[in-house]
Structure formats: structure tokens, C-alpha cells
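Here's the structure we're looking at; comments come further down.
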Protein chains: 2
Amino acid sequence: MDISQVAKQSGVPASTLRFYEEKGLISSVGRQGIRRVFAASVMERLELIALGRVAGFSLEEIASILGSEENPNIDRDLLQQKACELDNTIQKLVAMRDGLQHAAACKAPSHLECPRFRRLMKLAVSGAIKGEASNKLVKKHSSNKALQPTNR
Amino acid sequence: MDISQVAKQSGVPASTLRFYEEKGLISSVGRQGIRRVFAASVMERLELIALGRVAGFSLEEIASILGSEENPNIDRDLLQQKACELDNTIQKLVAMRDGLQHAAACKAPSHLECPRFRRLMKLAVSGAIKGEASNKLVKKHSSNKALQPTNR
DNA sequence: GTACAACTTCAAGTCAACTTTAAGTCAAGA
DNA sequence: TCTTGACTTAAAGTTGACTTGAAGTTGTAC
């Protein structure tokens with residue numbers, strides 16, 4: 001596949017594909033003349049990258065999770081750790097979704113005053129402020145300093 | 001509360017608090033001389049903001065969800081829409097978490113080759129690439145240009 | 001009453017993740 | 001052969017979310 005095919009099929013702009021290649025997130029199988037040639041499997045990788053972004057991981061983190069295309073990563077501890085981080089995130093988002101949903105239906109003058117909303121948010125919120133930094137900072141920390149507790 | 005108290009208790013730097021105030025995300029109840037004075041309720045708001053960030057919303061979106069502190073937003077359609085967006089995100093993240101978790105335990109040489117992993121990811125991934133842009137770009141489009149198609 | 005730490009504003013700087021631009025390369029059709 | 005259009009690189013520009021710095025102000029401890 002050439003870059004424009006990948007771009008068309010994936011919806012990811014060619015400029016982004018080049019950028020991702022430069023960052024080591026994807027790789028072309030070779031060149032035809034000066035032009036990149038991609039394997040079909042790059043599509044799957046792009047989807048995983050997109051997913052990782054939705055999950056709040058940085059490109060650098062995604063790279064470390066996925067490893068190189070030829071020699072994929074199997075750092076099981078890292079995977080498990082990311083799964084945990086994600087699970088924490090999910091729990092917050094679920095509470096927030098429920099909070100939003102309730103707020104949309106609630107007749108209280110302001111959802112911030114609705115006790116149900118506040119209770120839901122309390123659930124979601126525990127540790128959210130420090131939690132927010134988690135995807136970014138914990139990674140940073142743990143790559144610098146080894147096993148820090150998950151709770152920050 | 002003065003800004004340093006809020007900063008200390010919330011973990012949010014004073015510079016960020018000023019930045020958030022400038023952006024209309026929080027507001028001080030007044031000044032003592034030149035210095036901001038915050039109501040205790042700002043803590044709750046900061047937690048909601050942090051949560052919104054984790055959920056992948058931009059500060060602008062969060063502002064529109066929360067409304068002003070005195071006159072909070074009750075655009076129920078918006079809340080419902082955000083709840084839906086969040087639900088889509090959550091579903092992807094759940095599949096991804098399960099995928100990561102499985103990959104961490106799986107004995108296949110590379111998780112990209114493990115059929116279970118691939119099946120989980122397929123679930124997560126459907127629409128992830130276009131989905132990723134949703135929180136950011138769809139908002140942009142809809143505020144700039146009215147109804148543009150979701151695909152960029 | 002004065003020193004000074006902690007606040008203030010405003011402007012500029014940083015960082016990640018891209019996008020855009022300028023200048024060049026090349027395969028293919030008229 | 002010559003043009004054209006899709007690719008190429010390298011560098012600069014953009015955006016969102018902050019952070020940092022410089023220069024000024026002020027409440028409080030001495």
C-alpha cells in the first residue's frame with residue numbers, strides 16, 4: 001500500500017503517517033523509488049494507536065506498549081500496569097457518564113446542587129486531580145524511578 | 001481561601017488556578033486588596049475539571065458543560081450528548097483494558113498474533129480512528145462552521 | 001515602619017501532537 | 001520530451017494547556 005491508500009483507508013492524514021513513522025509508531029516495509037510502501041498490517045496498528053490516544057496515553061507510551069512492528073513488545077508488567085491505569089480511568093469515566101446522564105434528566109436547578117449528581121461525582125472524583133496527571137506523570141516517574149505506588 | 005490554600009489542598013498549581021480563572025473555568029468570590037479569595041466550593045469544581053480532562057474533554061468543552069459558577073449550565077441536550085460521547089469512549093477503553101490485561105497474561109509470542117487479543121481489539125477499535133477525533137474536532141467544527149460531516 | 005514572602009499582571013516560553021510550506025524527485029500520460 | 005500530480009524531506013507554524021519570568025504591590029512579622 002502506498003501512503004495515500006493508507007491515509008484514505010484509515011482516515012489518518014499522510015502527514016500524520018509520516019510523523020508517526022518518524023516517531024517509530026509505524027514503519028514502512030520499504031520504498032518504491034522514493035515512496036514509502038506499507039504493509040496492510042499498518043492499518044491495525046493505526047487503530048491501536050488511535051485507541052491508545054483515546055485512552056489518554058501519549059505517543060511515547062503507546063510506542064512502548066506496542067513495541068516495534070517487527071519485534072513487538074511483550075513487557076507484561078508494563079501491559080498489566082497500563083491495564084490498571086486504564087481501569088482506574090474507566091471507573092472515573094463511568095461515574096462521570098452516569099453523573100452527566102443524570103444531570104441531563106434531573107430537575108434540580110443546577111446539577112451541582114443535585115445530591116444525586118454530587119454523590120456520583122464524588123465517586124468519580126476521588127483522586128481525580130492527582131489522577132489526571134497519572135497517565136503522564138506516573139509514566140514519567142515510573143520510567144525514572146521504578147515502582148511507585150499506584151495511588152499517587 | 002486564598003490561592004495558595006486552594007493550590008495546596010487541590011494539588012493544582014496557583015499558576016493553573018489563575019489560568020483557569022482567566023478561561024472562566026473557576027472564579028474567585030472577590031479580592032482582599034489585590035489577592036484573590038476563593039469559595040470552598042472551588043475545590044469541587046476543580047475536581048470536576050480534572051475529571052473532564054481525564055475524560056478527554058477540552059477546557060472549552062468543560063466550561064460549556066459546567067457553565068459559570070454563579071449561573072451553572074443546564075443545557076440538558078449538551079449533557080446528554082457528552083454522556084453519549086463518554087459512553088463510546090468507555091466502551092473502547094473497556095475493550096482495550098481487557099485486551100491489555102489478556103496480553104499481559106497471554107503466552108502467544110506477540111499479543112498482536114494472539115487471536116483473543118485481536119478479537120478484543122477489534123471490538124475496541126471499531127471507529128476508534130474517527131472516534132478519536134470526536135472529542136476535539138467535532139467540537140471545533142460545530143463551533144466554527146455548523147454541520148460539517150464527521151469525517152475530516 | 002520596613003523588610004520580605006507571597007501575592008499580582010502581562011508577556012513570553014514550553015511541550016506534545018500535529019499541520020503547513022517550500023523546494024525537490026519521479027512515474028506516467030499527452 | 002515535457003508536463004503534471006503525487007510523492008519526498010526539512011523546517012517552520014499551529015493549537016491547547018500550561019509554566020516561567022519580569023516587574024510591580026501588599027499583608028504581616030519583626
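If you're wondering where the values come from, they're calculated on a predicted model, not measured in any experiment. Every chain is numbered from 1, with letters handed out A, B, ... down the list of sequences. Just so it is clear, the values below take in all heavy atoms, side chains as well, and ignore hydrogens, waters and symmetry mates.
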Can you tell which of C:dC7, D:dT8, C:dT9 lies closest to the side chain of A:R31? D:dT8

Could you tell me whether the side chain of B:S10 and the main chain of B:V6 form a donor-acceptor pair under 3.5 Å? yes

Applying salt bridge (Lys or Arg N to Asp or Glu O under 4.0 Å) as the test, list every pair that has at least one member in residues 16-41 of chain B; sequence neighbours left out. B:E21-B:R36

Verify, without hydrogens or angle tests, whether A:R53 (side chain) and A:F57 (backbone) share a donor-acceptor contact under 3.5 angstrom. yes

Once you round it to whole Å, what is the distance between C1' of D:dT8 and CD of A:E22? 13 Å

To the nearest Å, how far apart are A:K23 NZ and C:dT19 P? 13 Å

Taking any heavy-atom pair under 4.0 Å as a contact, classify B:R36: base, sugar-phosphate, or nothing. sugar-phosphate

Minimum-distance nucleotide to B:R18 side chain [options: D:dA17, C:dC18, C:dT9]: C:dT9

Rounded to whole Å, how long is the line connecting atom CD of B:Q32 with atom C1' of C:dC7? 12 Å

Could you state the CD1-C1' distance from A:I49 to C:dA16, rounded to the nearest angstrom? 15 Å

Is a donor on one side and an acceptor on the other found under 3.5 Å between the side chain of A:Q91 and the backbone of A:N88? no

Rounded distance (Å) that lies between atom P of C:dC18 and atom CD1 of A:I26: 12 Å

B:T16 side-chain N/O to D:dT19 phosphate OP1/OP2 under 4.0 Å: yes

Scan B:S15 against the nucleic acid and name what it touches under 4.0 Å (heavy atoms): base, sugar-phosphate only, or nothing. base

Has B:Y20 got a side-chain N or O lying under 4.0 Å from the OP1 or OP2 atom of D:dC18? yes

Kindly say if A:S4 contacts the phosphate of D:dC7, meaning a side-chain N or O under 4.0 Å from OP1 or OP2. yes

From C:dC18, D:dC18, D:dT8, pick the nucleotide closest to the side chain of B:L59? D:dC18

For B:I3 and D:dG27, what is the distance between atoms CD1 and P respectively, to the nearest whole Å? 16 Å

Expressed as a whole number of angstroms, how long is the span from A:L17:CG to D:dT8:P? 10 Å

Listed pairs, N/O of protein and of nucleotides 21-25 of chain D, under 3.5 Å:
none

Let me know, please, whether A:G33 or B:D2 comes out on the 5' side of the other along DNA chain C by nearest nucleotide. B:D2

Is a side-chain N or O of B:E44 found less than 3.5 angstrom from the main chain of B:S41, in a donor-acceptor match? no

How close or far is atom C1' of C:dA16 from atom CZ of A:F19, stated in whole angstroms? 7 Å

Side chains of B:E85 and B:Q81 only: does a donor on one sit below 3.5 Å from an acceptor on the other? yes

Counting N and O atoms only, with roles assigned by atom type, does the side chain of B:T16 sit under 3.5 Å from a partner on the main chain of B:V12, one being a donor and the other an acceptor? no

